[in-house]
Amino acid sequence: MLLSRLAEVSGEVAATAARSRKVALLAELFREAEAEDVPVVIPYLAGRLPQGRLGVGWKVLGRHVPAAPEATLTVREVDAALTELGRVSGPGSQAERARLVGALLGAATEAEQRFLLGLLSGEVRQGALDAVAVEGLARATGAAAGDVRRAVMLSGSLQAVAEALLGEGPDALDRFRLTVGRPVLPMLAHSASSVAEAVQKLGACAVEEKLDGIRVQVHRDGDTVRVHTRTLDDITARLPEVTAAALELSGDRFILDGEVISFDAAGRPRSFQETAGRVGSRADVARAAEQVPVSPVFFDVLAADDRELLDLPFAERHAHLARLVPEPMRVRRTLAEGPGDIPAAQRFLADTLARGHEGVVVKSLAAPYSAGRRGAAWLKVKPVHTLDLVVLAAEWGHGRRTGRLSNLHLGARTADGGFAMLGKTFKGLTDALLAWQTERLLRLAVEDDGWTVRVRPELVVEIAYDGLQRSSRYPAGVTLRFARVLRYREDKSPAEADTVEALLAAHPEVTP
Ligand SMILES: Nc1ncnc2c1ncn2[C@@H]1O[C@H](COP(=O)(O)OP(=O)(O)OP(=O)(O)O)[C@@H](O)[C@H]1O
């Protein structure tokens, strides 16, 4: 497929507000694409680079290169060129990168150049595209949209499903069923402002402790155990305790969902940083396990023996869980039938906080497991308000912070796939975080005016705040009060950041 065609459709999809028109445009594009184009077409449409970060700075992108008169570049040629670009390293790499970018842009027409620059600078991001692409794919191949959606949800990869569908047709969807050994994206939670609100919304529910550790999905097939993170990375080798625990359970084929966390000698949870540091470290696992041992604590089961359990109501899934996993290895919980049980649920929350945990997750007992979704069936309640925001820029620090990028410009997602700045903060940043973020942000830099460094919107940071206030200085009409950095969330992509819409909905008191 020609890049010019992709750039054209991408522009048209962005320009139309009508969902049905977007679907029709994408269906047409997919009909024209060959299966081999898919690994490039899908990410490009969403404004993502399959290579991840390329380390191409604004200096290189800002240079004018004369455009080619005619469109000849194919998407696969562009992809090959960017892969080559990504491999450049060592001395002289800046000049080599500039040369490669120049050659690529020189082969592109003006319209293609605009598209490529948008892609390389991270500015053509189309957030909600994947859902529309699912429908476009269904229409292009004659598959049912619901089946495509489920396959994407279970595989966690629109790309893999698209490739299979376009190459082999609708029958290929059979391959994407839930299988022990193949991780699926976990179900996620929305927020509620109080336990009372959550119980009122959900009716019969379980109120579970929310442990501040690392989400894990544990697959056991006979003697083989695999442990995956919420981004589906395989971390089995780093967590021997989890493998040992899974092998002790009575069943020998299952998929469990839970959290790993480190407890201190007194049985209180250690800080998130300690657990995360342990899970993140590959070096000398045996020693790390001695110093910061972790335990798995499970709260759901997706498959047991040869049964897929996703579609069962939570109450039934939990019965399977209870048969498989003994009590100390399950999260603590209490049940609430309805509003009458709110006081007991509130006591459970207070008790959970007193034991050093973060809050609770309130779960509908009737709901199925919606893999990969932030469903309304799980509501988390935490006393501290936090947001996951995207770093849009950072200002050079002064005094003790000279030479470090400090004051962060924070953005929330907007409906059109962009980001709206909500405010700035340099609070909560330790020296280690300052050094780390300076290094990371400079790699994402697209512009530096000596004061502020604008970056590709890729890094997600978790921010605590005390509330919102109106402000005409910011595009959403509001800004954060007392924003402070809690931690970077490298496990989250910008598409998972909080939205302006949800933020405003949670703060009716300031809605402009
Ligand atoms: N009992 C529990 N049930 C579900 N998730 C739990 C539970 N205890 C801890 N968690 C953790 O809380 C997360 C659910 O919150 P959410 O889906 O919003 O993800 P998140 O944005 O990472 O949340 P947060 O930033 O608040 O930790 C899960 O991914 C899991 O890691």
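In each ligand, atom 1 is the first atom listed, and ligand 1 is the first ligand listed. Treat the numbers as computed from the prediction; the structure is a model and nothing was measured.
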Looking only at heavy atoms, what is the nearest atom pair of Lys492 and Val460, with distance? O-CG2, 3.5 Å
Taking all non-hydrogen atoms of both residues, which atom of Ala420 and which atom of Pro475 are closest, and how far apart? CB-CG, 4.0 Å
Backbone, side chain, both or neither: what part of [X] comes under 4.0 angstrom of ligand 1, heavy atoms only?
| X | answer |
| --- | --- |
| Thr386 | neither |
| Lys210 | both |
| Val361 | side chain |

Is any side-chain heavy atom of Val216 closer than 4.5 Å to a side-chain heavy atom of Ile235? yes
Between Leu480 and Thr425, is there a side-chain heavy-atom distance shorter than 4.5 Å? no
Strictly below 4.0 Å, N to O, side chains only: are [X] and [Y] in salt-bridge contact?
| X | Y | answer |
| --- | --- | --- |
| Arg150 | Glu308 | yes |
| Glu496 | Arg489 | no |
| Glu274 | Arg278 | no |
| Arg226 | Asp221 | no |
| Arg487 | Asp212 | yes |
| Arg230 | Asp257 | no |

Protein heavy-atom partner closest to [atom] - residue, atom, separation in Å:
| atom | result |
| --- | --- |
| atom 5 (N) of ligand 1 | Phe299 CZ, 3.5 Å |
| atom 10 (N) of ligand 1 | Glu259 OE1, 3.6 Å |
| atom 26 (O) of ligand 1 | Lys382 NZ, 2.6 Å |

Over 12 non-hydrogen atoms of neighbours within 6.0 angstrom of CZ in Arg177: no
For [X], is the nearest heavy atom under 4.0 Å from an atom of ligand 1?
| X | answer |
| --- | --- |
| His190 | no |
| Arg333 | no |
| Arg489 | yes |
| Lys363 | yes |

Could you tell me whether the side chains of Ser155 and Ser157 share a donor-acceptor contact shorter than 3.5 Å? no
My understanding is that we take every heavy atom of each candidate and find the minimum distance to atom 9 (C) of ligand 1. Doing that for Val360, Leu211, Val331, which one comes out nearest? Leu211
Of Arg487, Arg215, Arg230, which has the heavy atom at the shortest distance from atom 19 (O) of ligand 1? Arg230
[X]: numbered ligand 1 atoms lying under 4.0 Å from its heavy atoms:
| X | result |
| --- | --- |
| Glu208 | 1 (N), 2 (C), 3 (N) |
| Trp378 | 4 (C) |
| Lys492 | 20 (P), 21 (O), 22 (O) |
| Asp388 | 21 (O) |
| Ala189 | 16 (P), 17 (O), 18 (O) |
| Lys380 | 15 (O), 16 (P), 18 (O), 20 (P), 21 (O), 23 (O), 24 (P), 26 (O) |

Purely on distance, is any nitrogen or oxygen of Glu209 under 3.5 Å from one on ligand 1? yes
